[in-house]
Amino acid sequence: MKIRLVNNGVFIPVDDIQQALTPPAEGFYWIDADVDDLAVLQPLFSMHDLAVEDCLSDEEQRPKIEIYENHYFIVINSIRFDDEEIFLRAVNLFLGRHFIISVTKQKVSELRMLKPILWEQEISSPDRFLYLLVDLIVDNYFTVGDRIEARIEKLEEDILMHTKKSHLNEIIGLRSEILWLKKVLGPQKEVINTLNKKDLRLIDDQLQKYFSDIYENAVKISETFETYRDLMGNLREAYQSSIANRANEIMRVFTAITTVFMPLTVITGIYGMNFDNMPELHWRYGYYAVIGLMITLGLTMFFIFRKKDWI
């Protein structure tokens, strides 16, 4: 657990948690904690039992905002994409008048990225901290969206160039990830919309208007992932079409080869008969003549098929 007094973007480390219970003359306290620290923090900051239970739960938490007497409890999901799977990491926030407590189970890159922004903008209030953090989290969805789009484009190119069976598993896996993510984005939009429209005493009225811009971005993200879902459907159709075309190509080649050998088989069948009265069998050059005929016939048919682009 790290305790910092933030004033005009300047971080001052605090060693005694008791100091954070009293509002500072200027600035606010940012307590960056993990779930094990909740046993200490809950009685000190009067955290609601249900909020603490949500933080401790192993189940995936739905984005939400709960309003309690002396603090707000906000859950928002940070996103991460490692080119194979999409991960959501819940960021649990307890917003008070003079403090904000962030509780996470894993490291969240947005909290690290937020520090220089707080210093640059000389932040001195917890509601501004909340706004900037939510803005960073939502912006990161655009970054992940760009990477997913690049992945879709590469997958499409690979399918068109050389289709593999593994491509179908990639399509199904990525599509299911996108559908799951789109489902999660719905509640997250509602949380941001609540921060924008609902009368919240712990958030400055002027600041609330800025949440409308974040909400618009969240809507764009949701629409973007809807587009990605459609693209994955098109990609699956392209895969199936490519497989069908490949099968047709193989069958066309096999058919052409079979057609080339059919007349040759007829010739060998005729001269494989055991009749005594077959003059060619006793001709000195009969063998060479038949072989020459078969080669000429085979090559002629081959070049005709190549000219017609059948093989």
Side-chain angles (χ1 to χ4, degrees), residues 80-87 143-184 222-311:
R80 177 189 168 192
F81 182 49
D82 65 356
D83 292 335
E84 292 185 1
E85 190 174 358
I86 298 173
F87 296 96
T143 303
V144 171
D146 291 340
R147 292 180 62 189
I148 291 175
E149 184 176 3
R151 173 79 178 279
I152 293 173
E153 290 176 355
K154 186 179 184 304
L155 194 54
E156 182 180 18
E157 182 180 345
D158 290 344
I159 289 173
L160 294 176
M161 294 296 293
H162 185 63
T163 307
K164 299 178 181 177
K165 290 183 178 180
S166 60
H167 288 151
L168 181 59
N169 292 332
E170 292 183 52
I171 292 171
I172 294 174
L174 187 56
R175 185 174 185 272
S176 63
E177 292 284 341
I178 291 172
L179 288 174
W180 167 70
L181 185 58
K182 187 179 180 302
K183 182 179 179 181
V184 173
S222 182
E223 293 172 349
T224 299
F225 279 93
E226 179 71 29
T227 302
Y228 292 159
R229 187 191 69 169
D230 295 338
L231 287 176
M232 295 308 299
N234 296 338
L235 206 57
R236 184 168 184 175
E237 292 177 2
Y239 170 83
Q240 293 172 336
S241 177
S242 180
I243 290 293
N245 290 338
R246 187 178 177 185
N248 290 337
E249 288 289 334
I250 294 172
M251 290 304 299
R252 186 171 66 176
V253 172
F254 284 166
T255 302
I257 293 174
T258 303
T259 305
V260 168
F261 278 92
M262 281 178 63
L264 309 184
T265 304
V266 171
I267 294 174
T268 57
I270 290 174
Y271 287 100
M273 296 186 294
N274 295 320
F275 291 116
D276 291 331
N277 190 19
M278 293 186 70
E280 294 85 355
L281 294 178
H282 304 287
W283 182 32
R284 180 179 180 182
Y285 301 103
Y287 170 78
Y288 302 104
V290 171
I291 292 296
L293 175 63
M294 292 172 63
I295 292 175
T296 302
L297 185 60
L299 289 175
T300 300
M301 295 183 68
F302 174 78
F303 286 116
I304 291 174
F305 290 165
R306 284 296 300 271
K307 186 176 181 179
K308 292 181 176 294
D309 198 27
W310 290 353
I311 56 175

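Note that the structure is a prediction, hence the values are computed from the model and not measured.
Ile178 is not listed as a side-chain neighbour of Leu231, based on a closest heavy-atom distance of 4.5 Å or more. Between Thr268 and Met294 there is a side-chain heavy-atom pair separated by less than 4.5 Å.
When the shell of 6.0 Å around CZ of Phe87 is examined, it contains more than 12 heavy atoms from other residues, nucleotides or ligands.
Note that CG of Leu181 is 4.5 Å distant from CZ of Phe225, once rounded to the nearest 0.5 Å. The structure places CG of Leu179 at 8.5 Å from CD of Glu226, a figure rounded to the nearest 0.5 Å.
In summary, Glu157 and Lys154 do not engage in a salt bridge, as defined by a charged side-chain N under 4.0 Å from a carboxylate O.
Contact detail for Ser222 and Lys182: the closest heavy-atom pair is O-CE, 4.2 Å. The nearest pair of heavy atoms linking Arg229 to Arg175 is O-NE, 4.3 Å.
Checking Ile295, Leu297, Thr296 one by one against Leu299, the side chain to side chain contact (heavy atoms under 4.5 Å, CB included) holds for a single residue, Ile295.
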